Number of protein chains: 2
Amino acid sequence: MCPPICFEAQFVTFLRQGAICMTSETNLLSLLERQLPSLNKSESKVAQAILQNPENATRSSIASLATLAGVSEPSVNRFCKKFGATGFPDFKLRLARSLASGVRYVSRAVEFSDDINTFPRKLFDNAISALMTAREDLPLAAIERAVDHIAQARRVFFFGLGTSAAVARDAEHKFFRFNVPVSTHEDPMMLRMLSASGGVGDVFFFISHTGRTRVLVEAAELARQTEATVVSLTHEDSPLAAQSHCCINVDVEEDTDQYMPMTSRLVQLVILDVLASGVTLRRGESFTPYLARIKDSLKDTRFPTS
Amino acid sequence: MCPPICFEAQFVTFLRQGAICMTSETNLLSLLERQLPSLNKSESKVAQAILQNPENATRSSIASLATLAGVSEPSVNRFCKKFGATGFPDFKLRLARSLASGVRYVSRAVEFSDDINTFPRKLFDNAISALMTAREDLPLAAIERAVDHIAQARRVFFFGLGTSAAVARDAEHKFFRFNVPVSTHEDPMMLRMLSASGGVGDVFFFISHTGRTRVLVEAAELARQTEATVVSLTHEDSPLAAQSHCCINVDVEEDTDQYMPMTSRLVQLVILDVLASGVTLRRGESFTPYLARIKDSLKDTRFPTS
DNA sequence: CCTCTTTTCGGAAATTAATTACGTAATAAA
DNA sequence: TTTATTACGTAATTAATTTCCGAAAAGAGG
């Protein structure tokens with residue numbers, strides 16, 4: 001057995017030989033793409049073969065992949081080790097995981113060269129990846145405090161502008177069920193006046209992707225000067241967050257589509273679902289008949305199921 | 001080589017022997033859990049060993065897993081085949097995929113016993129899984145036709161009620177950018193009157209989870225009697241779909257949360273993103289400065305980034 | 001309770017796959 | 001041109017998986 005120092009030396013050698021470091025979270029596919037230019041001949045053959053049909057690569061043996069790439073089996077093996085795997089099977093496993101995470105490209109903008117077969121998938125990929133990222137790092141403490149505030153609220157106001165107005169509207173459709181007066185407003189004058197009118201037990205819930213919209217920040221300032229509680233669903237490092245008693249951080253990597261917000265609002269919506277569920281749980285099991293009654297009230301508005 | 005009939009006979013035999021059918025999308029972990037009671041002694045040992053630490057199972061060889069489960073290697077192999085894999089490595093791959101999808105349980109409702117550490121994750125899991133399911137089966141043809149209609153439209157009306165009203169509002173915020181008059185309405189009277197007022201080039205876009213809301217279906221009928229085009233984003237087998245020239249099927253497995261719609265609207269939103277992107281692509285690259293101008297118009301409403 | 005049938009399961013061989021060792025060719029450096 | 005280094009493949013080795021077959025256990029019928 002080697003003493004520890006020996007292992008270390010081996011590891012240094014290993015790095016020298018060009019091992020490619022990868023955090024466990026990085027997507028293997030995109031790593032391959034990025035590294036492609038820096039690989040040597042046979043390695044890049046292997047990389048191309050894999051990228052060309054990654055799904056297939058996870059199913060093949062080292063022999064068939066080697067044939068496909070036009071290299072020898074040891075080359076494939078070396079390739080795998082270079083990318084941090086212990087060997088070929090391990091590499092396949094990592095690859096499968098990357099594929100299954102479903103999001104082939106970490107986050108890719110739609111391009112004008114895309115066609116119907118590519119861009120819808122990209123958009124779904126982006127949406128999924130945004131939710132997965134958010135899931136990994138949920139601000140549970142803030143969520144819990146927000147639930148506390150809402151569950152005890154006398155009134156709740158949801159304020160959002162632009163895309164966030166739709167989110168606020170959605171929130172209104174959820175939270176009215178809790179026996180608390182809920183409203184949404186978009187008129188800046190109303191925002192200011194309502195904010196200034198806040199009192200104990202009022203919750204002003206601000207929704208904003210940037211957290212920098214003047215109208216909202218100023219309304220939050222006004223609300224802050226009252227006895228009311230200011231909750232925000234926005235980016236942590238923003239003027240709006242600074243004005244909040246409780247900020248639920250939504251730090252979605254900037255939307256890849258340049259011209260329309262896409263993914264951030266999805267995360268906001270799911271977090272609002274979380275809050276609504278949190279309040280429901282707080283209300284306790286005895287509350288469900290009430291929710292059921294609300295739901296049933298819609299029965300007669302629909303055509304019966306055949 | 002066997003003639004086809006032989007294969008078929010083999011397949012029947014295979015099923016007789018208790019092969020467990022699994023669509024490619026079902027989560028392997030939950031399948032294992034479900035089937036656990038119906039397995040025989042050694043099989044259930046294997047299943048338990050896997051469920052107890054699935055992550056570890058993907059990393060072990062058939063030998064170590066067999067030892068861990070206290071059975072022989074062939075038993076593990078038979079187990080794998082029973083679950084549709086071609087063998088142990090293939091099974092590991094499927095398992096890895098299931099794990100990586102991150103959504104351990106296909107779709108689980110929040111329960112009153114849940115706490116802050118479990119229910120937010122469940123909701124995110126459900127949302128992600130809904131989007132992943134939808135992504136696998138995108139109605140591309142319908143999407144393409146809808147994009148055609150919208151891209152050529154003279155006017156577009158987005159009609160949705162309840163939760164779908166928020167979705168419609170979101171759509172409005174996207175589609176106004178295309179130089180086409182867009183509006184959203186919730187008043188049933190307005191819906192009827194507007195629908196009846198349709199003409200060539202008008203697109204009536206109905207959004208509904210159930211596709212059975214009377215008000216919407218009736219409005220669609222009225223619109224259908226005009227020269228206008230009726231597009232719907234709803235369930236394929238619904239009265240609303242029946243009234244549509246073009247129905248984009250959203251077939252999200254019924255929301256697990258009993259009292260509030262959760263996941264279906266997310267899919268609807270992303271599909272609307274897809275449509276908006278589709279129209280943008282149709283408009284061509286020369287259109288982007290225009291989009292940029294719209295975006296820039298908001299600059300002065302925000303506090304500058306520090 | 002016994003016998004026969006069916007199913008379950010593991011041992012060992014056979015097969016297949018992956019890895020290592022080593023040598024040659026190619027490339028870069030001296 | 002020589003030497004050192006890296007890149008790559010053949011062949012040998014090792015490991016892992018699968019198949020085959022028989023023994024044991026569990027049920028079915030008498």
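Within every chain, numbering begins at 1; the chains are lettered A, B, ... in the order of the sequence lines, protein sequences first and strands thereafter. Fair warning: this is a prediction, and the values are worked out from it, not measured in the lab.
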Give a yes/no answer on whether the side chain of [X] brings an N or O atom under 4.0 Å of OP1 or OP2 in [N].
X       : N      : result
B:Lys81 : D:dT19 : yes
A:Ser42 : D:dC8  : yes
B:Asn40 : C:dC9  : yes

Original post:
Where do B:Ala69 and B:Ala49 come nearest, in terms of heavy atoms and distance?
Top reply: CB-CB, 3.8 Å
Original post:
Where do A:Ala96 and B:Arg97 come nearest, in terms of heavy atoms and distance?
Top reply: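 That closest heavy-atom pairing would be O-CG, 3.8 Å.
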Supply the atom-to-atom distance [X] [atom1] to [Y] [atom2], rounded to the nearest 0.5 angstrom.
X        : Y        : atom1 : atom2 : result
B:Lys122 : B:Asn117 : NZ    : CG    : 12.5 Å
A:Phe119 : A:Asn126 : CZ    : CG    : 13.0 Å
A:Arg78  : A:Ser42  : CZ    : OG    : 7.0 Å
A:Leu266 : A:Ile271 : CG    : CD1   : 11.5 Å
B:Glu43  : B:Gln35  : CD    : CD    : 10.5 Å

Gap between atoms [atom1] and [atom2], on [X] and [N] respectively (whole Å):
X       : N      : atom1 : atom2 : answer
B:Lys92 : C:dA17 : NZ    : P     : 15 Å
B:Phe79 : C:dT8  : CZ    : C1'   : 15 Å
B:Leu39 : C:dT8  : CG    : P     : 11 Å
B:Phe88 : C:dT15 : CZ    : C1'   : 18 Å
A:Leu93 : C:dA18 : CG    : P     : 13 Å
A:Phe91 : C:dA18 : CZ    : P     : 13 Å

Original post:
Mapping B:Asp90 and B:Lys41 onto DNA chain D by nearest heavy atom, which one lands closer to the 5' end?
Top reply: B:Asp90
Subject >> Partner residues of A:Asp90 under the salt bridge (Lys or Arg N to Asp or Glu O under 4.0 Å) criterion, sequence neighbours left out >> reply: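 Only A:Arg94 meet the salt bridge (Lys or Arg N to Asp or Glu O under 4.0 Å) criterion with A:Asp90.
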Subject >> salt bridge (Lys or Arg N to Asp or Glu O under 4.0 Å) involving B:Lys45 - partner list, sequence neighbours excluded >> reply: none
**OP:** Would you tell me whether B:Thr67 and B:Ser64 have side-chain atoms, one donor and one acceptor, within less than 3.5 Å of each other?
**Re:**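 Checked: B:Thr67/B:Ser64 side chains show no N/O donor-acceptor pair below 3.5 Å.
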**OP:** Provide the full list of ring-ring contact (aromatic ring centres under 6.0 Å, His included) pairs with a residue in residues 45-82 of chain A, sequence neighbours left out, each pair given once.
**Re:** A:Phe79-A:Phe83, A:Phe79-A:Phe91
Subject >> Which nucleotides of DNA chain C pair, in dot-bracket form (Watson-Crick or G-U under 3.5 Å, | meaning another strand) >> reply: ||||||||||||||||||||||||||||||
Original post:
Quick one, which residues of residues 57-66 of chain B touch DNA chain C with a heavy atom under 4.0 Å?
Top reply: none
Original post:
Do any of residues 71-78 of chain B sit with a heavy atom less than 4.0 Å from DNA chain C, and if so which?
Top reply: B:Val71, B:Ser72, B:Pro74, B:Ser75, B:Arg78
